[in-house]
Amino acid sequence: MSEKLTGTTDDLQVAGMTGEKTQWKQLLETLSFLQWELCFLFLGPACVILLVYLMFTSLWPLSTFYFIWLVMDWQTPERGGRRTTCVRKWRVWEHLRDYFPVKLVKTAELNPNKNYIFGCHPHGIMSVGTFTCFATDSCNFSRTFPGVRPSLATLSGLFRMPLYRDYMMTAGLVPVSKPSLAYMLSQNGKGNAVVIVIGGAAESLASSPGVNTVVVKQRKGFIRIALEFGANLVPVYSFGENELFRQVIFSEGSVGRKLQGLFKKIAGFAPCLFVGERLALLPYRIPVTMVVGCPISVPKCTTPSEEEVDHYHKLYMEALSELFHQHKVSCGLSESHELQII
């Protein structure tokens with residue numbers, strides 16, 4: 001098994017070498033990824049510790065005034081957030097994109113007078129492709145889909161972390177809660193594309209080179225929301241996402257898997273043991289291709305029946321499977337690769 005995985009990674013790595021880069025450019029790309037990864041892993045807790053620490057120093061008014069403002073601003077994340085175009089266009093995101101590189105592929109036009117729910121697969125370890133394509137404009141989403149505004153929906157608990165919540169909102173991130181999604185799809189005008197990584201933590205535990213497994217069979221909440229607000233469904237597949245890190249996969253029933261499951265129930269995400277190409281934290285320089293599929297037209301139905309939910313859920317899984325098989329060869333996989341939907 002290990003020889004097979006190594007071959008898959010090496011083949012894709014060779015495919016990603018599109019040209020020589022200067023050492024300075026490679027350094028910038030590495031630093032850009034490291035700053036994003038460290039923010040992803042540690043910035044939230046660091047912000048909490050900082051503000052609590054300041055409460056016991058001469059700078060205590062800063063923390064006091066911020067916490068007062070935080071109470072007043074508590075509902076902002078669930079009301080569309082506070083996206084900032086200049087943050088989404090930071091140059092650092094271009095270097096992050098080029099590290100792999102990440103590419104956005106369009107397969108159909110999106111009507112800016114409609115609202116959408118993008119279902120992204122697979123989660124991978126850190127959802128690098130999803131963040132790069134939809135939380136930044138480094139892959140030119142605004143020009144590729146004019147009039148459509150992507151908003152990446154992530155764990156609601158992250159928006160309870162002071163300062164970190166404000167940083168996330170500048171990139172257009174919103175909570176993946178029902179009030180937040182309802183606001184984006186009903187009270188924020190048209191042209192909204194709420195991006196949801198459907199498989200979530202459960203899918204991250206299956207992330208491994210050579211594996212194409214998505215968790216969606218029992219995930220029907222996003223279908224119900226799409227019907228309730230008449231938002232069209234768009235399947236999205238991130239080719240190469242599972243190749244970026246090698247993960248220690250614990251077998252079902254093992255102590256490691258039980259601890260991961262327990263942590264997932266408490267925190268909403270599962271801790272993964274993974275290593276990359278260098279220093280353990282740096283991923284392999286594997287091309288990541290985010291393919292945006294054709295929209296599935298969904299009627300508005302305030303109280304959808306189970307039959308309607310099941311019908312559009314089936315249509316969505318069929319569209320996702322078709323998207324995978326249509327683009328797998330052009331995105332570096334062999335014809336023999338199959339998509340496993342669980």
Side-chain angles (χ1 to χ4, degrees), residues 29-44 77 81-105 117-142 144-145 148-159 161 164-176 180 184 193-201 203-204 207 214 234 236-245 268-270 272 274 276 281-292:
E29 292 173 359
T30 299
L31 292 176
S32 297
F33 178 83
L34 280 175
Q35 68 81 28
W36 176 75
E37 182 178 41
L38 294 176
C39 287
F40 180 91
L41 296 174
F42 304 117
L43 184 58
R82 204 164 26 238
R83 69 195 294 134
T84 305
T85 301
C86 67
V87 173
R88 291 173 56 86
K89 291 181 177 291
W90 276 349
R91 186 65 180 273
V92 68
W93 305 134
E94 296 179 12
H95 294 306
L96 173 64
R97 173 202 63 199
D98 294 341
Y99 179 95
F100 302 96
V102 180
K103 180 182 179 182
L104 180 67
V105 174
I117 291 180
F118 283 21
C120 286
H121 313 267
H123 183 285
I125 299 296
M126 295 184 182
S127 297
V128 172
T130 302
F131 177 87
T132 306
C133 288
F134 303 121
T136 82
D137 201 37
S138 61
C139 294
N140 296 316
F141 184 95
S142 59
T144 305
F145 299 101
V148 179
R149 298 178 302 277
S151 296
L152 177 57
T154 188
L155 293 175
S156 301
L158 297 178
F159 292 89
M161 294 184 176
Y164 188 51
R165 69 192 284 276
D166 303 291
Y167 177 53
M168 290 194 299
M169 284 193 289
T170 60
L173 273 68
V174 297
V176 72
S180 173
M184 295 299 298
V194 178
V195 182
I196 305 175
V197 183
I198 305 299
E203 201 168 80
S204 68
S207 175
V214 297
V234 180
V236 182
Y237 200 88
S238 182
F239 291 93
E241 189 73 47
N242 284 347
E243 314 295 328
L244 304 183
F245 294 97
F269 66 94
C272 301
F274 61 89
L281 291 176
L282 289 175
Y284 290 92
R285 287 180 177 266
I286 304 297
V288 177
T289 306
M290 184 71 68
V291 183
V292 180

[X] versus [Y], closest heavy-atom pair with distance:
| X | Y | value |
| --- | --- | --- |
| Pro77 | Pro175 | O-CD, 3.1 Å |
| Val148 | Phe141 | O-CE2, 3.4 Å |
| Ala135 | Leu173 | CB-CD1, 3.6 Å |
| Cys120 | Val195 | SG-CG1, 3.4 Å |
| Thr130 | Met290 | N-CE, 3.2 Å |

Counting C-beta onward and ignoring hydrogens, is there a side-chain heavy-atom pair between [X] and [Y] closer than 4.5 Å?
| X | Y | answer |
| --- | --- | --- |
| Val292 | Phe145 | yes |
| Arg83 | Ser151 | yes |
| Ser207 | His123 | no |
| Trp36 | Thr132 | no |
| Phe159 | Met169 | yes |

Roughly how far, to the nearest 0.5 Å, is the [atom2] atom of [Y] from the [atom1] atom of [X]?
| X | Y | atom1 | atom2 | answer |
| --- | --- | --- | --- | --- |
| Ser138 | Arg91 | OG | CZ | 11.5 Å |
| Leu38 | Leu281 | CG | CG | 7.0 Å |
| Tyr167 | Leu158 | OH | CG | 13.5 Å |
| Phe245 | Met126 | CZ | CE | 4.5 Å |
| Ser238 | Lys103 | OG | NZ | 13.5 Å |
| Glu37 | Thr30 | CD | OG1 | 11.0 Å |

Between [X] and [Y], is there a donor-acceptor pair closer than 3.5 Å when you use the side chain of the first and the backbone of the second?
| X | Y | result |
| --- | --- | --- |
| Glu241 | Val288 | no |
| Asn242 | Pro122 | no |
| Gln35 | Ser32 | yes |
| Trp93 | Val87 | yes |
| Arg88 | Thr170 | no |
| Tyr99 | Leu282 | no |

If the plane angle is over 60° it's perpendicular, under 30° parallel, otherwise tilted; pick one for Phe100 and Phe33.
-> perpendicular
Parallel, tilted or perpendicular: which describes the rings of Tyr237 and Phe239, with under 30° parallel and over 60° perpendicular?
->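 Ring orientation of Tyr237 relative to Phe239: tilted.
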Determine the sole option in Leu152, Ile196, Val194, Thr154 for which the side-chain contact (heavy atoms from CB on, under 4.5 Å) test with Val176 is passed.
-> Ile196
